[in-house]
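One structure is given here, and the rest of the page talks about it.
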Amino acid sequence: MAVAAVSSAYERLVAEFDKLNTNQKGAVAVAGGLASIYLIRKVLAPADSNKPTTLQLTGGSIDSAKVKSEFDAYADSYGKGAGEGIVDRSKTVQLVDVFYSLVTDIYEWGWGQSFHFSPKLPHKDLRASEAAHEARIAALLRLRPGMKALDCGCGVGGPMRTVAAVSGAHVTGITINQYQVDRATHHNAKQGLAPLTDVVRGDFLNMPFKDNTFDGAYAIEATCHAPKLELVYGEIFRVLKSGSYFASYEWVSTSKFDSSNKEHVKIIDEINFGNGLPEMRTWKEAEDAGKKCGFELVMSLDLATASVVCGPWDDASSSGAAGQSGRPDAWYERLRMGKYTHAINHAMVSTVDAIGLAPKGLKDVHHMLVEVAKSLIAGGETGVFTPMHLLLFRKP
Ligand SMILES: C=C(CC[C@@H](C)[C@H]1CC[C@H]2C3=CC[C@H]4[C@H](C)[C@@H](O)CC[C@]4(C)[C@H]3CC[C@]12C)C(C)C
Ligand SMILES: C[S@@+](CC[C@H](N)C(=O)[O-])C[C@H]1O[C@@H](n2cnc3c(N)ncnc32)[C@H](O)[C@@H]1O
């Protein structure tokens, strides 16, 4: 039945192709060839050989037979009521560990080794803008060779490699997920940064480091996973030497967020679910949490709206083609531009899942990411959410 349907569709396609003139045939052949090269590279061997291919997508530290049931349990841990987030907050750390086993390969495959957003700098490409966003941290912390820095929630280590490389300081990364420890350690060695880096598995709410160990600490889009911000900020305060700095790019709701607006609440609920967050804090709650732990607040700035450079894309002069805010430098533009790629990716993941070449359930994980991309864009376009509220604290 299926074979008959495919062969009749194929015959119809060949008949249509025959009706084209020579130029049109040439154009179709070139487009078909390019599409095939794209698919073959993505499925079998991407240009960046450090990336997993579609056939290499795994469930991280989770046994492939358990990916579907772990994903279902993850999804069930979120309340259905507005603004509920993770119902049993005592399970947050364990759920976040599961979340990163499920998404780490897909993130590396479809995004890269830095699991964060960045404002796009004028006349710089995405990679250069991403590196600059990471290097800013090294500058804010005043890192120098011989110093020891902590990367709190280090992922697979994209930022730690930039921070170590630009500053010459030694960076220790901590992540709750063993699969990420293995990936980060592998990338560090491959990129020649093993001598300046270390990666440990641990809970940033209870870190395996002595008091007053580090000359600087940072967290890039990571402390949002803590069940309470004070718990992670308090630990960072403990392990920092006095006089040193802690910088964080925080995921928070902005002053535009209105908790009585159902659309705003829906956007934030979806962002929480698709990103393993227990709840969303306001930027003011984040500032206050740091002060409560004993930090001095040195700087508090939403980098999504505080661009230093004002280009010709100011709201007033823009056609709006680059999103509601009209700024092609907005952090969510990379997601918005990628929406067709996401659809192609979904077809590929669904195919390998269906034919048993990827863990069953990976397509559900990918579907969650396709959906959360839309919610993040909505969060950015409405301005109710930012993934880059910079908080710079100093331990007195
Ligand atoms: C800080 C966090 C993660 C931030 C981002 C790195 C990720 C947030 C959403 C992710 C993605 C969404 C869509 C995916 C797409 C459907 C898939 O085909 C390829 C990967 C995506 C682009 C993926 C990549 C990473 C994100 C942008 C959170 C967790 C606190
Ligand atoms: C979105 S990723 C960001 C990774 C990295 N900062 C980057 O920008 O590439 C969030 C990171 O926080 C880590 N994380 C979340 N909760 C944690 C916890 N309780 N203890 C340690 N790490 C945690 C995750 O394992 C993940 O590595």
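Remember, predicted model here, so these are calculated numbers, not experimental data. Residues take their numbers from the sequence shown, with the count starting at 1.
The minimum heavy-atom distance between Val239 and Met207, with the atom names listed, is CG2-CE, 4.1 Å. For the residue pair Arg136 and Tyr249, the shortest heavy atom distance occurs at NH1-OH, 2.9 Å. Closest non-hydrogen pair, Pro208 versus Ile174, comes out as CD-CD1, 3.7 Å. Considering all non-hydrogen atoms of both residues, Ala135 and Thr162 come closest at N-CG2, 4.1 Å. Here the shortest heavy-atom pairing between Val87 and Tyr78 reads CG2-C, 4.0 Å. Here the shortest heavy-atom pairing between Glu250 and Cys224 reads OE1-N, 4.1 Å.
At most 12 non-hydrogen atoms from other residues, nucleotides or ligands lie less than 6.0 angstrom from NZ of Lys339. Environment of CZ in Arg127: crowded, with over 12 heavy atoms of neighbouring residues, nucleotides or ligands closer than 6.0 Å. Counting heavy-atom neighbours within 6.0 Å of Lys228 NZ, excluding the residue itself, gives a total of 12 or less.
Summarising the geometry, atom CG belonging to Leu390 is positioned 6.0 Å from atom CG belonging to Leu140; distances are rounded to the nearest 0.5 Å. Here Lys66 contributes atom NZ and Ser61 contributes atom OG; the two are 12.5 Å apart, rounded to the nearest 0.5 Å. Rounding to the nearest 0.5 angstrom, the gap separating the CG atom in Leu301 from the CE atom in Met388 is 11.5 Å. Note: Gln178 CD to Arg183 CZ = 13.5 Å, rounded to the nearest 0.5 Å. Rounded to the nearest 0.5 angstrom, Met147 CE and Leu141 CG are separated by 9.0 Å. One distance of note links NZ of Lys124 with OG of Ser118; it measures 14.5 Å at 0.5 Å rounding.
Listed for the Asp302 side chain is a donor-acceptor partner under 3.5 Å among the backbone atoms of Ala304. Checked by atom type and distance alone, the side chain of Tyr100 never pairs as donor or acceptor with a backbone atom of Gly276 at under 3.5 Å. Although no hydrogens or angles enter the test, the distance criterion places a donor-acceptor pair under 3.5 Å between the side chain of Arg334 and the main chain of Trp111. Within the 3.5 Å criterion, the main-chain N or O of Asp258 finds a donor-acceptor partner in the side chain of His264. With hydrogens and angles disregarded, no donor-acceptor distance shorter than 3.5 Å links the side chain of Ser167 to the backbone of Leu143. Panel note: side chain Thr58, backbone Gly60; a donor-acceptor pair is recorded below 3.5 Å. With Tyr74 contributing its side chain and Phe273 its backbone, the two residues share a donor-acceptor pair below 3.5 Å. Within the 3.5 Å criterion, the main-chain N or O of Asn345 finds no donor-acceptor partner in the side chain of Trp109. A donor-acceptor pair is defined here as one N or O able to donate and one able to accept, closer than 3.5 Å; such a pair exists between the side chain of Thr351 and the backbone of Ala347. At least one donor-acceptor pair under 3.5 Å links the side chain of Asp353 to the backbone N or O of Lys363.
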Requested in this report: Run the numbers on Arg201 and Asp97 for salt bridge (Lys or Arg N to Asp or Glu O under 4.0 Å), then give the verdict.
Outcome: CA-CA 11 Å; Arg201 183 185 183 207; Asp97 186 12; 2.7 Å; yes
**Report entry** From CA spacing to verdict: side chain to side chain donor-acceptor pair (under 3.5 Å), Ser300, Glu287
**Finding:** CA-CA 8 Å; Ser300 175; Glu287 271 190 4; 2.6 Å; yes
Query raised in the report: Can you list the steps and then say if Asn212 with Lys395 is a side chain to side chain donor-acceptor pair (under 3.5 Å)?
Result: CA-CA 10 Å; Asn212 311 315; Lys395 180 170 174 176; 3.2 Å; yes
Query raised in the report: Asp198 and His170: side-chain contact (heavy atoms from CB on, under 4.5 Å), yes or no, with the steps?
Result: CA-CA 8 Å; Asp198 261 327; His170 183 278; 3.5 Å; yes
Query raised in the report: Would Val181 and Thr175 count as a side-chain contact (heavy atoms from CB on, under 4.5 Å) if you check the C-alpha gap in whole Å, the side-chain angles of each, and the deciding distance to 0.1 Å?
Result: CA-CA 7 Å; Val181 173; Thr175 164; 3.6 Å; yes
Requested in this report: Run the numbers on His367 and His346 for side-chain contact (heavy atoms from CB on, under 4.5 Å), then give the verdict.
Outcome: CA-CA 7 Å; His367 178 252; His346 195 61; 3.7 Å; yes
**Report entry** Derivation and outcome, salt bridge (Lys or Arg N to Asp or Glu O under 4.0 Å), residues Arg89 and Glu279
**Finding:** CA-CA 9 Å; Arg89 297 285 159 90; Glu279 63 178 5; 3.0 Å; yes
Requested in this report: Step by step, work out the side-chain contact (heavy atoms from CB on, under 4.5 Å) result for Lys241 and Phe214.
Outcome: CA-CA 6 Å; Lys241 290 180 189 164; Phe214 296 101; over 6 Å; no
Requested in this report: Before giving the answer on salt bridge (Lys or Arg N to Asp or Glu O under 4.0 Å), spell out for Asp288 and Lys292 the whole-Å C-alpha distance, their side-chain angles and the decisive distance to 0.1 Å.
Outcome: CA-CA 6 Å; Asp288 291 344; Lys292 219 169 130 189; over 6 Å; no
Requested in this report: For ring pair (Phe, Tyr, Trp, His ring centres under 6.0 Å), just list the numbers for Trp283 and Phe385, CA-CA rounded to whole Å, side-chain angles, deciding distance to a tenth of an Å, and then say yes or no.
Outcome: CA-CA 10 Å; Trp283 63 274; Phe385 163 77; over 10 Å; no
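Between Phe295 and Phe237, the ring-plane angle classifies as perpendicular under the 30° and 60° cut-offs.
Linking Ile, Leu, Val, Met, Phe, Trp and Tyr residues whenever their side-chain heavy atoms come within less than 4.5 Å places Leu391 and Leu231 in a single cluster. Put simply, Ile377 and Phe257 are part of the same group of oily side chains (I, L, V, M, F, W, Y) that touch within less than 4.5 Å, one to the next. Residue Val103 is grouped with residue Ile62 when hydrophobic side chains (ILVMFWY) are merged at heavy-atom distances under 4.5 angstrom, including chains of intermediate members.
At a threshold of 4.5 Å between non-hydrogen side-chain atoms, the residues Val200 and Phe209 count as touching. Counting heavy atoms from C-beta outward, Ser375 and Ile271 have side chains that approach closer than 4.5 Å. Proximity of Leu392 to Tyr218: side-chain heavy atoms (C-beta onward) are nowhere separated by under 4.5 Å. Side-chain contact between Leu196 and Arg161 is absent, with no heavy-atom pair separated by less than 4.5 Å. A 4.5 Å side-chain heavy-atom check between Leu362 and Ser64 finds every atom pair outside the cut-off. Within the 4.5 Å cutoff, side-chain heavy atoms of Ser129 are placed close to those of Leu121.
A salt bridge does not link Asp215 to Lys148: none of the charged side-chain nitrogens sits closer than 4.0 Å to a carboxylate oxygen. Under a 4.0 Å N-O distance rule, the pair Lys51/Glu108 does not qualify as a salt bridge. Looking at Lys80 and Glu84, no side-chain N of the basic residue comes within less than 4.0 Å of a carboxylate O on the acidic one, giving no salt bridge.
Between the side chains of Ser101 and Glu70, no donor-acceptor pair is found at a separation under 3.5 Å. Side-chain contact of Thr197 with Asn188: a donor-acceptor pair under 3.5 Å is present, judged by distance alone. His116 and Glu130 share no side-chain donor-acceptor pair at under 3.5 Å. For the residue pair Asp88 / Ser90, a side-chain donor-acceptor distance below 3.5 Å is found, with atom types taken as modelled.
With Trp251 as the aromatic partner, Arg281 does not meet the cation-pi criteria of under 6.0 angstrom to the ring centre and within 45 degrees of the ring axis. For the pair Arg142 and Tyr245, the cation-pi criterion (under 6.0 Å, within 45° of the ring axis) is fulfilled.
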